[in-house]
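The chains referred to below are lettered A, B, ... by the order of the sequence lines, with proteins before strands, and numbering in each begins at 1.
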Protein chains: 2
Amino acid sequence: MKQHFSSVWTREPRTAKSPGLDRAQIVREATALLDAEGLDALSMRRLGARLGSGATSIYWHVANKDELLELVLDEVYGELTVLDVQETTWRDSASSFAYSMRQVLLSHPWVINLIGTIPSIGPNAILLMTRLVATFDHAGFRGLDQDYAASTLMAYVAGVTTPEISWRTMMERTGLGSNELNAALHPLVEEVAAGHPELTARYAEFREVDVETARALNFEFGLTCLLDGLEARLNRAASAPAPVSADPGATPPPRPSLH
Amino acid sequence: MKQHFSSVWTREPRTAKSPGLDRAQIVREATALLDAEGLDALSMRRLGARLGSGATSIYWHVANKDELLELVLDEVYGELTVLDVQETTWRDSASSFAYSMRQVLLSHPWVINLIGTIPSIGPNAILLMTRLVATFDHAGFRGLDQDYAASTLMAYVAGVTTPEISWRTMMERTGLGSNELNAALHPLVEEVAAGHPELTARYAEFREVDVETARALNFEFGLTCLLDGLEARLNRAASAPAPVSADPGATPPPRPSLH
DNA sequence: AGTGGAATCGAACACTGTACGAGTCGAACG
DNA sequence: CGTTCGACTCGTACAGTGTTCGATTCCACT
């Protein structure tokens, strides 16, 4: 374990004493390009053009395109905030964090595609995680449960926002409004439901619901369930006074995997 | 709304009366290539080589690379199964589905990167969703709540599995074992925690926990919370007898977004 | 035998990430 | 002041990408 494990975060950024390119500027412009035109539109040449410099000049400040993406991703993590635990209940803090995270993801749709590829180990990501963990510490969770709770919350938000983003991308690609798209897609589910006649009636109703508000309700539904579940566990732990922390040598999950 | 909204699923596959290439074969081989070497390794030329045919021949059976990805994605959805609602409790059904979904995602790590890009509207995806919805119908949920519950569950599993996959990818890229990688990454979190001295002690403990079992416990933790939350809502609805279904004209989420 | 569609494929185009080496610039030094 | 050296920029080039297009092969059926 001698060597430090090379990464953007271990390496120093280039000294910025010249008025030319700059890591911060590169990251900023890359984010702007990503927001405006999506992940596929970000190429080193286009980014260079936007910066008014040659494409390969970027490689002096950043080793890779992947490394650049690590930087922009962590920049987005920096946009996420957690309320101070002293000012609110843990539940409000967690809930408002969830809503703000959803908002940030929706305004940077490309982020969802990165978190599956790029490791989230930048300073902002780590800092955010510790703040969220502090919230659950304040709530009464102990040991690793704090981390489990935090990562569960983030997992839910990321997961539930994913189809929402893919939906919006599809709307942009087709130029359809959300309810139009819903109607246009309906033949597909009808065809599948053809084999199961008891479903067609149910699916017929779906054409009528407003997709946007359904998505919002869906988000709130799952979030409430999750917070309720966390709260229940908290109360349970309060009655049973010996919440033994995770044993590293324990066997894998109690419910065996099915494969 | 005249035109049908063109997609792989609306178009008929090429008639397969010749012994040459075949949509099914292409999809199968593409999946194998993806499993073996990851998303970046899938190029039309390499896939063609694997099929013993020219790269561009594939375009006779499939319009796009994107369309091909839609097909392979839906094929993976086909691997997911839901227990028959008659045979178990809804909770066991949901729980075992979650575990099997996690297993499938871990064995096809590239899937996570697709669900953010490719819409999940294939027949297998829809069929799976209806089966899951049936589980929650059996549980006692009514109206759109069934869909909310189902999509919440899937969102959680996808979301919580994402960092796990990115972790494994990182392990493969660096060739480190999971605990070695944990130790190698530790300097990063230490540097961030340097400004907050109360955290260093806590983070020091982290180097000792076994990452794999922590991940498994994390999964189980969040899943239990979620199912508990769902169950609580179910009981609440049972006491209050008028669970009015979602009103399309309702205002956006009760808790306003923070942006 | 001949015709017509199904299917395959090679060449070409515009584009990608990035290695390399030549070039520019500004400051420090003799 | 001239030189040198590092920081920095960038043009060129290479291997690879998805996809189009037109030519070609192949086979079933008249």
| task | Determine: side-chain N/O of B/Trp60 to OP1/OP2 of C/dT8, distance under 4.0 Å, yes or no. | result | no
| message | With a cut-off of less than 4.0 Å, is there a side-chain N or O of A/His61 near OP1 or OP2 of D/dA7? | response |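 So the side-chain polar atoms of A/His61 never come under 4.0 Å of the phosphate oxygens OP1 or OP2 of D/dA7.
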For [X] and [N], what is the distance between atoms [atom1] and [atom2] respectively, to the nearest whole Å?
X	N	atom1	atom2	result
A/Leu51	D/dC8	CG	P	15 Å
A/Leu21	D/dA7	CG	C1'	13 Å
A/Ile58	C/dT16	CD1	P	12 Å
B/Ile26	C/dT8	CD1	C1'	12 Å

Counting distance only, does the side-chain N/O of [X] pair as donor-acceptor with the main-chain N or O of [Y] below 3.5 Å?
X	Y	result
A/Asn179	A/Val211	yes
A/Tyr156	A/Phe219	yes
A/Asn182	A/Phe206	yes
B/Glu67	B/Asn64	no
B/His186	B/Tyr203	yes
B/Asp66	B/Ile118	no

Inter-residue atom distance [X].[atom1] - [Y].[atom2], 0.5 Å rounding:
X	Y	atom1	atom2	value
B/Leu181	B/Glu172	CG	CD	12.0 Å
B/Leu153	B/Met101	CG	CE	7.5 Å
A/Leu106	A/Arg215	CG	CZ	10.0 Å
B/Ser166	A/Ile115	OG	CD1	9.5 Å

| request: Give me the residues of residues 28-38 of chain A where at least one heavy atom lies under 4.0 Å from an atom of DNA chain C, by number, or none. | output: none
| said: Students often get this wrong, so: under 4.0 angstrom with heavy atoms, is B/Ser57 touching a base, only sugar-phosphate, or nothing? | reply: base
| field | Residue among B/Thr162, B/Thr169, B/Asn113 satisfying side-chain hydrogen bond (donor to acceptor under 3.5 Å, both in side chains) with A/Thr117 | value |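 Among B/Thr162, B/Thr169, B/Asn113, the one meeting side-chain hydrogen bond (donor to acceptor under 3.5 Å, both in side chains) with A/Thr117 is B/Asn113.
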| query | At how many degrees, to 10°, do the end axes of the helix from C/dA1-D/dT30 to C/dG30-D/dC1 meet when each uses five pairs? | reply | 30°
| remark: Scoring nucleotides 17-22 of chain D by protein non-hydrogen atoms under 4.0 Å (B base, S sugar-phosphate only, - none) yields BBBB--
